[in-house]
Amino acid sequence: MSTPATAHEILIVSIARLLHGTRHVAVGAASPIPAAGAMLARALAEAADEPKLRLSILGSVTHNFFTNGSAELFDCAAQGRIDAFFLGGGQIDGTGNVNLVGVGDYPQGKVRWPGSFGSAFLYFHIPRVILFREEHSPRVMVEKVDFISAPGVSEKGIWRKGGPYALLTGKGLFGFECERPGFHLQTLHPGHTLEEVIAATGFDFSHDATPAQTAPPDPTTLALIRGRVTDELHESYPDFAATLRQTVTQHSLKEQTT
Amino acid sequence: MSTPATAHEILIVSIARLLHGTRHVAVGAASPIPAAGAMLARALAEAADEPKLRLSILGSVTHNFFTNGSAELFDCAAQGRIDAFFLGGGQIDGTGNVNLVGVGDYPQGKVRWPGSFGSAFLYFHIPRVILFREEHSPRVMVEKVDFISAPGVSEKGIWRKGGPYALLTGKGLFGFECERPGFHLQTLHPGHTLEEVIAATGFDFSHDATPAQTAPPDPTTLALIRGRVTDELHESYPDFAATLRQTVTQHSLKEQTT
Amino acid sequence: MQHPLDRLAAQVAPGMKLAVPVDYGGVPMALTRAIIERDIGNLHLVCVPTGGMQVDMLIGAGLVKTVETSAVSLGEAGGAPRFNAAVRAGEVHMLDATCPAIHAGLLAAQKGVPFVPIRGLLGTDLLANRPDWRVIDNPVREETDSDPIVLIPAIHPDAAIFHAPMADRFGNVWIGRRRELAAMAYATQTTLVTVERIFDGDLMDDEMTAAGTLPALYVTDVAQVEKGAWPLGLWGEYEGDTAEQHRYASAARTADGFAAYMADSQQKGAA
Amino acid sequence: MQHPLDRLAAQVAPGMKLAVPVDYGGVPMALTRAIIERDIGNLHLVCVPTGGMQVDMLIGAGLVKTVETSAVSLGEAGGAPRFNAAVRAGEVHMLDATCPAIHAGLLAAQKGVPFVPIRGLLGTDLLANRPDWRVIDNPVREETDSDPIVLIPAIHPDAAIFHAPMADRFGNVWIGRRRELAAMAYATQTTLVTVERIFDGDLMDDEMTAAGTLPALYVTDVAQVEKGAWPLGLWGEYEGDTAEQHRYASAARTADGFAAYMADSQQKGAA
């Protein structure tokens with residue numbers, strides 16, 4: 001029997017589920033877990049004989065389907081050709097606002113992050129934007145972001161075709177409800193509790209009395225992650241692919257010794 | 001002694017004079033005389049050690065400096081990188097309006113021509129637009145065009161960096177005076193008279209009592225036209241280059257027999 | 001077995017807004033004849049940015065309702081006879097434009113914006129006859145005086161069709177420096193391409209070939225048709241057949257001459 | 001004899017608005033060090049669309065007055081330390097943008113129009129802090145309800161600088177599919193390029209090479225500098241030197257560390 005899924009593998013399978021039914025997913029340059037999730041979704045679609053999933057990884061050679069310079073990703077999104085994308089965020093708040101700029105009063109805040117990148121545009125254009133941040137702590141999941149790089153919702157009458165679809169963290173998976181607006185805790189990852197998530201989250205969110213657990217990948221899916229997906233990852237994220245392999249081994253050793 | 005300049009050679013040298021001091025000249029696909037004039041201007045600039053003249057011939061392989069598709073010519077003009085261009089016109093009127101669309105009431109007129117091409121844009125952007133039409137008759141040189149593809153002048157407050165610089169026909173050369181607005185006959189080509197030009201022109205123009213004659217090319221310039229320029233023309237306009245050669249020969253035979 | 005050309009033609013539906021390339025840019029003439037055979041009518045042609053023999057033939061065959069163009073001409077072979085006759089007879093609806101306005105409309109579609117501004121055009125009868133084009137006072141002007149500027153709304157063709165030198169088996173198409181072909185594809189959801197040959201390999205694998213490639217992402221279907229642009233030429237591949245172009249130009253001067261030319265050419269195609 | 005790099009650097013003047021490429025797009029690091037040696041200050045950097053080590057170094061050297069960018073980061077090597085410190089200290093004027101807004105501003109310059117519209121951005125603090133960006137009611141909307149849309153004014157850099165694989169002796173530069181480099185050049189009147197090697201021939205002579213070529217028309221000057229992007233990589237040519245990038249990232253955490261790193265690297269350059 002194979003070793004149980006690691007925390008990273010739980011994230012990867014969660015992402016693959018969120019991407020089910022999409023045709024073209026774009027992933028940022030430094031996003032190995034979203035890339036792995038998309039690769040898994042592609043492999044699963046192939047196995048189920050569903051339409052092909054195309055994956056564009058910014059900065060990758062093999063997964064770069066663009067030939068019109070760095071503007072093409074944005075044009076492509078605006079043409080409705082990208083179904084899903086990932087956004088991180090130094091701060092994420094309860095209405096889905098994302099802050100990639102810094103902490104404190106802009107511009108001379110206490111902390112400066114790189115900047116908003118394409119978020120202020122892509123959040124409006126791509127139907128399934130998955131907010132992904134492993135760190136789930138009160139400093140990241142805040143009540144109100146200090147700077148809105150990209151807003152979670154827009155007023156009626158504002159042109160908008162995209163927005164938050166889910167929030168995936170190291171502790172759980174949230175859906176986004178546009179009407180409220182706000183997040184709803186869907187599942188807790190194995191080993192995490194509702195109390196822990198409430199304590200780690202600076203914003204209010206809705207949840208069931210006893211949230212379900214994030215289902216681990218079934219054995220076939222797990223085998224795909226550890227085989228094909230890890231191999232495919234190697235080209236764009238060699239370090240992360242190595243880490244994935246190592247974690248599984250350590251995990252397996254730990255299982256054997258306990 | 002060489003044969004005197006032919007009518008075509010008078011046009012070619014006139015164009016070269018109009019282009020003096022330009023750095024980049026664009027020429028339409030079916031414009032052999034403007035192309036020859038530009039090639040001569042380039043050769044003269046080289047001989048005088050003046051800045052290099054660049055010549056873009058639309059549709060030519062050797063003279064195509066563009067790599068961004070058919071929009072690039074217009075972008076390039078808008079960036080101020082094209083100093084001179086040529087416009088023809090089914091009708092041209094006394095305020096420099098150009099009609100490339102047709103005769104009669106638009107759209108169902110008596111005659112339909114191809115259409116306005118880039119004129120409605122380039123006339124606003126390129127400083128020296130040379131109106132060039134060999135046929136100088138009342139049906140071409142009209143009092144008022146039936147359809148304005150591109151206006152000769154614009155009201156104050158309209159953004160405009162370019163416009164008519166000269167009108168060159170088979171009979172003479174006119175300058176354009178923006179303030180009036182209107183054309184001023186500068187020179188008559190050899191063999192043509194003021195009376196003839198007045199009769200052939202549907203619009204009023206100013207002129208001296210006794211207009212000067214268009215100066216023929218000096219022997220060195222004539223040699224350049226018959227040598228280097230005709231050779232260069234051959235790539236883009238083989239038929240016209242052959243015609244040029246033939247005309248000179250016939251001209252020369254005629255001279256000898258008279 | 002269905003000919004690949006028929007497979008492509010079957011994806012063109014009556015009433016479509018169809019983007020077609022300039023005469024020297026890669027005109028899919030074989031596909032055009034297949035469209036005429038299938039009698040796919042009521043078309044709205046968007047010429048990028050001018051039209052030629054292809055447009056004249058489609059009009060002559062009675063398949064065109066609207067022509068959006070900055071010009072239609074047969075080039076060296078003269079005016080476009082069926083086009084000119086149809087305009088005079090009021091048989092086609094004209095949307096006269098200027099080249100960069102067509103490019104601007106496609107660019108707006110590419111960028112996902114409702115319009116793109118353009119300088120020039122003010123005071124023309126083109127603008128006077130295009131109620132869809134708007135004039136506004138430039139909102140970012142630095143001086144307080146007014147500064148009118150024209151806005152060109154996005155052009156969203158239903159399909160783009162063109163002919164190119166090569167494609168690979170993954171659907172990537174090599175368009176070289178004819179980037180208006182990419183602009184056409186970006187602006188639409190259906191792009192149908194004929195090519196001279198199939199490239200054995202992946203055009204995206206090498207930076208040199210990739211630089212001139214329209215990615216498969218934008219390409220709906222590809223069919224190999226040798227001499228697919230004939231009697232027009234294809235840049236870098238072959239010259240136009242000027243004798244045939246003149247033969248068409250003189251035949252098409254009358255509706256009957258046009259019909260005879262087309263019947264003859266269909267017969268040749270069937271042979 | 002003057003080194004070609006000095007000839008290029010001499011064409012960068014204090015106070016210029018300088019367009020610089022994204023880290024993986026061909027950053028002229030050798031030219032950047034030449035600019036720092038010459039102490040050309042008061043620069044307004046336009047990052048197309050993000051900046052990295054180049055921007056951080058220029059800021060660390062005290063040469064930057066304004067940064068117009070959608071992000072500055074050292075990528076795998078972490079945050080950009082001199083940039084972050086300068087922003088916190090209020091030493092640089094920030095024009096925070098989003099990637100496609102930078103592209104839109106350059107596009108407006110390329111097209112010779114005062115602005116280009118962009119979807120999105122409404123409700124962001126980016127827009128709130130950019131009084132130069134305008135919001136208007138979409139004039140071509142079909143419904144009568146209001147439809148606010150952002151206009152990005154044209155960005156006109158004084159010069160663009162980048163590094164590319166090759167140029168020919170006529171000044172044509174091969175940029176492959178990195179077409180934002182062309183966009184930078186179109187938008188400015190001065191384009192200074194360093195290249196790995198000189199192509200023996202005319203890049204415009206062959207459709208295959210021409211497809212990825214920025215024509216000499218847009219290129220002011222070219223200098224051959226092998227490994228001109230080091231310690232960054234150059235697409236299709238060489239990988240970035242990640243050890244050196246990390247060495248920079250950790251040295252530049254303090255102003256002194258940065259100064260020591262730069263002195264060391266100038267010394268190496270001189271040796």
Side-chain angles (χ1 to χ4, degrees), chain C residues 100-101 103-105 107-108 110-121 131-143 147-155 164-166 174-179 181-182 199 203-215 234-237, chain D residues 100-101 103-105 107-108 110-121 130-143 147-154 164-166 174-179 181-182 199 203-215 234-237:
Chain C
H103 293 305
L107 182 68
Q110 173 184 336
K111 297 281 164 188
V113 290
F115 60 86
V116 153
I118 188 171
R119 285 299 192 186
L121 272 171
D132 54 327
W133 294 353
R134 297 275 192 294
V135 180
I136 63 165
D137 206 8
N138 168 16
V140 308
R141 69 187 182 279
E142 277 159 22
E143 280 136 45
D147 176 20
I149 187 165
V150 179
L151 306 183
I152 306 293
I155 299 173
M166 58 182 167
W174 193 76
I175 58 167
R177 48 175 158 162
R178 297 248 56 89
R179 298 203 64 88
L181 301 176
F199 176 80
L203 286 163
M204 298 289 282
D205 265 0
D206 179 74
E207 289 295 330
M208 187 56 77
T209 49
T213 294
L214 175 69
L234 182 62
W235 48 274
E237 300 280 325
Chain D
H103 293 306
L107 181 69
Q110 173 183 336
K111 297 280 163 187
V113 290
F115 61 86
V116 154
I118 187 171
R119 285 299 192 186
L121 272 171
R130 290 296 298 261
D132 53 328
W133 294 354
R134 296 277 192 293
V135 180
I136 63 164
D137 207 9
N138 168 17
V140 308
R141 68 186 182 281
E142 278 159 22
E143 281 135 44
D147 175 20
I149 187 166
V150 179
L151 306 182
I152 307 293
M166 58 183 169
W174 192 75
I175 58 167
R177 47 175 160 161
R178 297 247 56 89
R179 299 202 63 87
L181 301 177
F199 176 81
L203 285 164
M204 299 289 282
D205 265 359
D206 180 74
E207 289 294 331
M208 187 56 78
T209 50
T213 294
L214 174 69
L234 182 61
W235 49 272
E237 299 280 325

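In what follows, chains are A, B, ... by sequence order, proteins preceding strands, each numbered from 1.
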To the nearest 0.5 Å, what is the distance between CD1 (D/Ile136) and CG (C/Leu151)?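 Here the interatomic distance stands at 7.0 Å.
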Let me confirm one number: the CD-CG distance from D/Glu142 to C/Asp132, rounded to the nearest 0.5 Å.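 The distance works out to 10.5 Å.
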Do C/Met204 and D/Arg177 touch side chain to side chain, with heavy atoms closer than 4.5 Å?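 Side chain of C/Met204 against side chain of D/Arg177, heavy atoms only: contact under 4.5 Å found.
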Is the closest side-chain heavy-atom distance between C/Leu107 and D/Lys111 below 4.5 Å?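 With C-beta onward as the side chain, the pair touches.
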Would you name the heavy atoms of [X] and [Y] that are closest together and state the gap between them?
X: D/Pro117; Y: C/Phe115; value: CG-O, 3.0 Å
X: C/Val140; Y: D/Pro114; value: CG2-O, 3.5 Å
X: D/Gly212; Y: C/Ala211; value: CA-CB, 3.8 Å

Between D/Trp174 and chain C, with a heavy-atom cut-off of 4.5 Å, which part of the residue counts as in contact: side chain, backbone, both or neither?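 Interface part for D/Trp174: side chain.
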With a 4.5 angstrom heavy-atom cut-off, which part of [X] approaches chain D: side chain, backbone, both or neither?
X: C/Trp235; result: side chain
X: C/Arg119; result: both
X: C/Ile118; result: backbone
X: C/Arg179; result: side chain
X: C/Thr209; result: both

Taking every heavy-atom pair that is under 4.5 Å apart, which of C/Pro139, C/Ala104, C/Pro100, C/Gly112 has the most such pairs with chain D?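 Greatest number of close heavy-atom pairs with chain D: C/Pro139.
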With respect to chain D, which residue among C/Asp206, C/Thr213, C/Val113 yields the maximal number of heavy-atom pairs within a distance under 4.5 Å?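 Maximum pair count with chain D is reached by C/Val113.
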